[in-house]
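Every value quoted in this text rests on a predicted model; they were computed, and no experiment measured them. The analysis underlying the following values was restricted to heavy atoms, covering all of them including side chains, and did not include hydrogens, waters or symmetry mates.
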Amino acid sequence: QNAIFALTNYQKKLKRYISRTTLEVESAVKLSGVQVRRIVNAFAADYHIHFVKVNVNPKLLGGVKAKVGDRVFEDTVISKIAQVKEAIIG
């Protein structure tokens, strides 16, 4: 039972570590290697990035959404549309 507890605890810590050191990037179109490196370099100053996931999400319409741990940085067309909608509707 102690071994199961230890493994469960280790697994939780490992998941937290991976989450804090993984940069997840979403874009409406496929990014080039140079573009991905620029994004990674921009985050590397403030975060210890060990893993990078890049996904294409056409629903974003344009721009980039990036996530490290529980921090989300979004500069997408769809987020701008939502901001305009909120400003108009209130």
remark   = The complete set of salt bridge (charged side-chain N to carboxylate O under 4.0 Å, His left out) pairs with one or both residues in residues 11-20, sequence neighbours excluded, reads none
inquiry  = Going by the rule side chain to side chain contact (heavy atoms under 4.5 Å, CB included), which residues pair with R37 if we only count those two or more places apart in sequence or in a different chain?
reply    = V34
inquiry  = Any heavy-atom pair between the side chains of V64 and V25 that's under 4.5 Å?
reply    = yes
query = Other than I78, which residues form its hydrophobic cluster under the rule that side-chain heavy atoms must be closer than 4.5 Å?
reply = L60, L61, V77, I81
query = In chain order, what residues pass the salt bridge (Lys or Arg N to Asp or Glu O under 4.0 Å) check against K80, with sequence neighbours excluded?
reply = D75
query = Listed by chain and number, what are the side-chain hydrogen bond (donor to acceptor under 3.5 Å, both in side chains) partners of S79, not counting sequence neighbours?
reply = T76
inquiry  = Once side chain to side chain donor-acceptor pair (under 3.5 Å) is applied, what residue pairs with a partner in residues 24-34 remain, sequence neighbours excluded?
reply    = E26-N57, S32-Q35
ask   = How would you list all residue pairs meeting salt bridge (charged side-chain N to carboxylate O under 4.0 Å, His left out) that involve residues 47-67, not counting sequence neighbours?
value = none
message = Suppose the criterion is side chain to side chain donor-acceptor pair (under 3.5 Å): which pairs have a residue in residues 81-90, not counting sequence neighbours?
response = none
task = Step by step, work out the side-chain contact (heavy atoms from CB on, under 4.5 Å) result for L23 and I39.
result = CA-CA 9 Å; L23 173 62; I39 294 168; 4.1 Å; yes
inquiry  = Show me the pairs that pass ring-ring contact (aromatic ring centres under 6.0 Å, His included) and involve residues 33-72, at least two apart or across chains.
reply    = Y17-H50, F43-F73
request  = Report the C-alpha distance between V68 and I49 in whole Å, list the side-chain angles of each, state the deciding distance to 0.1 Å, and finish with yes or no for side-chain contact (heavy atoms from CB on, under 4.5 Å).
outcome  = CA-CA 8 Å; V68 179; I49 305 298; 4.1 Å; yes
note = Using a 4.5 Å side-chain heavy-atom cut-off and chaining through intermediate ILVMFWY residues, the residues clustered with I88 come out as V84
For residues 1-9, please give each side-chain donor-acceptor pair under 3.5 Å, one per line with the distance, not counting sequence neighbours.
| from | atom 1 | to | atom 2 | distance (Å) |
| --- | --- | --- | --- | --- |
| T8 | OG1 | I4 | O | 2.8 |

